[in-house]
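Residue numbers begin at 1 in each chain, while the letters A, B, ... track the order of the sequences. Note that the structure is a prediction, hence the values are computed from the model and not measured.
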Number of protein chains: 2
Amino acid sequence: MTVTIYDVAREANVSMATVSRVVNGNQNVKPATRQKVLAVIERLDYRPNAVARGLASKKTKTVGVIIPDISNVFYAELVRGIEDIATMYRYNIILTNSDQQPMKEAQLLSTLLSKQVDGVVLMSDQLSEELREEMKRSSIPIVLAGTLDQTSDTPSVNIEYHEAAVEAVERLIRNGHTRIAYVTGSLKSSINRLHKLTGYEKALDAANIEIDSDLVVEVNNTYEEGIRAFEQLQSLKQPPTAYFAGNDEIAIGILQGAKDADLDVPGDIEIISFEDSKLTRMVRPQLTSIAMPLYDIGAVSMRLLTKFMNNEKVEDNSVILPYRLEERQSVKQ
Amino acid sequence: MTVTIYDVAREANVSMATVSRVVNGNQNVKPATRQKVLAVIERLDYRPNAVARGLASKKTKTVGVIIPDISNVFYAELVRGIEDIATMYRYNIILTNSDQQPMKEAQLLSTLLSKQVDGVVLMSDQLSEELREEMKRSSIPIVLAGTLDQTSDTPSVNIEYHEAAVEAVERLIRNGHTRIAYVTGSLKSSINRLHKLTGYEKALDAANIEIDSDLVVEVNNTYEEGIRAFEQLQSLKQPPTAYFAGNDEIAIGILQGAKDADLDVPGDIEIISFEDSKLTRMVRPQLTSIAMPLYDIGAVSMRLLTKFMNNEKVEDNSVILPYRLEERQSVKQ
DNA sequence: ATGAAAGCGCTAACAT
DNA sequence: ATGTTAGCGCTTTCAT
């Protein structure tokens, strides 16, 4: 039925080993025999069985990717970066969505390991105990993309969230604001809590602005929750005049919430986002945003993973990519 | 080093076959032995090697997914539908991006086949000859998601694009428009050419409105090209007063192009999109749109694929999902 | 209910 | 440069 390496060997009057050699580009084959074998492969339309190859070589040329949700632009761009580099190095990716559920994350990793992936790229707001447990058992390399883990030196690719947050809030302060809200994703995430929130506070502190906990609102990373947060904050006795948003969807929620309340952006309200997906350019006014290089974080993570999979020397486990503040129209010049 | 089924068998004083049976939930095992084996599995932290299993059983429990570009919201939502149902049936997905390049599509399918996936979900504007060739060689089921192929009866999941296009354009005509533009993705795509374009023309025809080829603009499915198309069309002697857009990004490009030109939507310009991703709600005015059930198309495609993989009877190869016209603010009531 | 044994299709020593 | 052979870790008859 299906053509195997054995069939090719027989038809070409060589051994399986020789066929294997030409298929794998081994140089120890006389050009003449190589041609002969190639001809038979062509004639029989032979295709190596990657599963058999994986079993014999203990390498599957596939890597696992665990992300919260592919339908979120943020992760989608990241995955594209991963996939492009994976392709470049002849890997395929098994994509899984965790919805940030600790149980599910651990289970997904377990499944990926049983499928013998050569490595894993992982994204998660917070590494749960279950997940860490599972990671420890794994003998293959794992790279964290846009994910921080204080408790270990798991390789990771990130930006300097803290500095970026400081810069964003300082920008708002520079425009004279003293009531600056921070609408953030889950504070269980160490990035949000230990890096961005502290950056927000540091900038306020440095400007002698009192920190008001009412101005920090924790929401899910969605457009709808951005609107909700805006409405909640505007109902304060002293509502904020500027917003620092945890991501683009939240920022757009705030923006449209303001518009729907007949407030002008950036006239009455100024907004800085933190992500800079293409969504920032698709709304009016276009959003000023901290630009996270999503595609690059994915790409670099995958590149880093290939190094580990090849047992190459890696100078630094934790790579930091540059960010920048992308000035657009939701903040006055 | 790694624990194998043989180690478990030895420790539990049973044969590999018995271990295999309990792992696979075969009922022909005495409860007592089952317990004994389970205990050893737990103790040794044994995990079945899916690659070995795949080689022996000729089933890998993984399916391939070929889409143009995961960073496009459209495909991302679709993939989420696929993945959710795949998980439900205990499949994993290998995700690949084709960028609609015929060569690459064929190559990706080939790679997936060599990896012995049990099935494939495929999305593509146009099935090229190369790709069709590769599909013919494949002995595993393939389902087309949001993709039409006139020349074969490959299973597929779609909506009635033609009827949807007619309805959208009729809606615009009802508001008194006679200069209605159609800004579409590639007309090489049979959906765009044979279904949506003909729907557009049919609606105009039925209303005795002359068809002006200047009003049909072919672009890439991006926001930027939407803006470009708008500018091009507005420079006509008789510019259109209403737009039918091929997808949400194009529609948003038109919308913001209009705003940037100080035109009011829907006052001066009315727009209907064709996709209804969450982007429609994230802009002002919110976009009226033909709602394509993206997630469902993915989910149903995957469900259909499982049926084929299980050799279940399938009543109809081509399933049609309902669409609807989602009325929002880019069209006057 | 359980075991023995033959593959699945390939790679990787090792030998020549 | 080429061939021989022993696995890789599992499933699946076929016996018992």
Side-chain angles (χ1 to χ4, degrees), chain A residues 1-38 40-41 44-62 90 111 113-118 139-140, chain B residues 1-38 40-41 44-62 90 110-118 139-140:
Chain A
M1 178 67 229
T2 54
V3 183
T4 74
I5 197 173
Y6 180 75
D7 299 320
V8 176
R10 181 171 31 73
E11 292 287 311
N13 288 311
V14 297
S15 70
M16 291 166 54
T18 298
V19 178
S20 176
R21 285 189 188 100
V22 345
V23 167
N24 292 295
N26 187 315
Q27 286 308 303
N28 288 337
V29 183
K30 201 179 358 173
T33 44
R34 177 185 307 282
Q35 291 315 315
K36 188 171 56 175
V37 171
L38 252 19
V40 175
I41 287 178
L44 301 188
D45 193 23
Y46 165 71
R47 302 186 196 200
N49 178 323
V51 172
R53 193 192 291 224
L55 183 58
S57 69
K58 294 175 170 300
K59 298 234 157 300
T60 55
K61 278 291 181 176
T62 110
R90 312 208 159 293
T111 303
L113 295 177
S114 81
K115 292 225 169 170
Q116 314 301 119
V117 294
D118 297 336
S139 56
I140 57 166
Chain B
M1 180 65 230
T2 54
V3 183
T4 73
I5 198 173
Y6 179 77
D7 299 321
V8 176
R10 182 170 31 74
E11 293 287 310
N13 287 311
V14 296
S15 70
M16 290 165 54
T18 298
V19 178
S20 176
R21 286 189 189 98
V22 347
V23 167
N24 291 296
N26 186 313
Q27 287 308 305
N28 288 339
V29 183
K30 200 172 11 169
T33 43
R34 179 188 306 282
Q35 290 315 314
K36 187 170 59 173
V37 171
L38 251 19
V40 175
I41 287 179
L44 300 188
D45 192 23
Y46 166 70
R47 304 188 195 198
N49 178 324
V51 173
R53 192 191 290 224
L55 183 58
S57 70
K58 294 176 172 299
K59 298 235 158 298
T60 55
K61 279 287 180 181
T62 111
R90 309 206 162 294
S110 173
T111 303
L112 290 172
L113 295 177
S114 81
K115 292 225 168 168
Q116 313 301 118
V117 295
D118 297 335
S139 56
I140 58 166

task: In whole angstrom, give the distance that lies between atom CZ of A:R21 and atom P of C:dC10.
output: 15 Å
message: Regarding A:V51, tell me which of base, sugar-phosphate or nothing describes its non-hydrogen contacts under 4.0 Å with the strands shown.
response: nothing
- prompt: Just checking B:V23: base, sugar-phosphate only, or nothing, at a heavy-atom cut-off of under 4.0 Å?
  reply: nothing
field: Nucleotide C:dC8, atom P - distance to CE of A:M16 in whole Å
entry: 11 Å
query: What's the spacing between B:D7 CG and B:M16 CE if we round to 0.5 Å?
result: 10.5 Å
Any side-chain heavy-atom pair of B:V3 and B:D45 under 4.5 Å: no
message: Taking the nucleotide of DNA chain C with the nearest heavy atom to each, does A:A56 or B:T18 sit closer to the 5' end?
response: B:T18
query: From A:N28 CG over to A:T33 OG1, what is the distance, rounded to the nearest 0.5 angstrom?
result: 10.5 Å
Inter-residue atom distance A:T4.OG1 - A:R10.CZ, 0.5 Å rounding: 8.0 Å
query: Between B:Q27 (CD) and C:dA1 (P), how many Å, whole number?
result: 9 Å
- request: Determine, stepwise, if the pair B:V8 / B:V23 fulfils side-chain contact (heavy atoms from CB on, under 4.5 Å).
  value: CA-CA 11 Å; B:V8 176; B:V23 167; over 6 Å; no
- prompt: Once you round it to whole Å, what is the distance between P of C:dT11 and CG of B:L55?
  reply: 12 Å
task: Test B:V40 against B:V14 for side-chain contact (heavy atoms from CB on, under 4.5 Å), laying out the working first.
output: CA-CA 11 Å; B:V40 175; B:V14 296; over 6 Å; no
- prompt: For the residue pair B:A52 and A:L55, what are the closest heavy atoms and their distance?
  reply: CB-CD1, 3.7 Å
message: Using a 4.0 Å heavy-atom cut-off, does A:N13 contact any base of the nucleic acid, only the sugar-phosphate backbone, or nothing at all?
response: sugar-phosphate
Point-to-point distance, once rounded to the nearest 0.5 Å, from CG of A:D118 to OG of A:S57: 8.0 Å
task: I would like to know whether A:T111 and B:K61 meet side-chain contact (heavy atoms from CB on, under 4.5 Å); could you show each step before the answer?
output: CA-CA 11 Å; A:T111 303; B:K61 279 287 180 181; over 6 Å; no
task: First locate atom CZ of B:R53, then atom CD of A:Q116, and finally report the distance between them rounded to the nearest 0.5 Å.
output: 11.0 Å
- prompt: So what is the end-to-end bend of the helix from C:dA1-D:dT16 to C:dT16-D:dA1, with 5 pairs used at each end and the value given to 10 degrees?
  reply: 30°
query: OG1/B:T2 to CG/B:L44 distance, rounded to the nearest 0.5 angstrom?
result: 12.0 Å
query: Are B:S15 and B:T18 close enough, and set up right, to give a side-chain contact (heavy atoms from CB on, under 4.5 Å), and what steps lead you there?
result: CA-CA 5 Å; B:S15 70; B:T18 298; 3.4 Å; yes
query: By a strict heavy-atom criterion of less than 4.0 Å, which residues belonging to residues 2-9 of chain B are in contact with DNA chain D?
result: B:T2, B:T4, B:I5
- prompt: Separation of A:N28 atom CG from C:dA13 atom P, in whole Å?
  reply: 14 Å
field: OP1 or OP2 of C:dC10 under 4.0 Å from side-chain N/O of A:S20
entry: no
message: Return whichever of A:N24 or B:R34 has its heavy-atom-nearest nucleotide of DNA chain C closer to the 5' end.
response: B:R34
task: Please list, in 5' to 3' order, the outermost nucleotides of DNA chain D lying under 4.0 Å from any heavy atom of chain B.
output: D:dG9 to D:dT12
- prompt: Does the C:dG9 base have a donor-acceptor partner in the side chain of A:R47 within less than 3.5 Å?
  reply: no
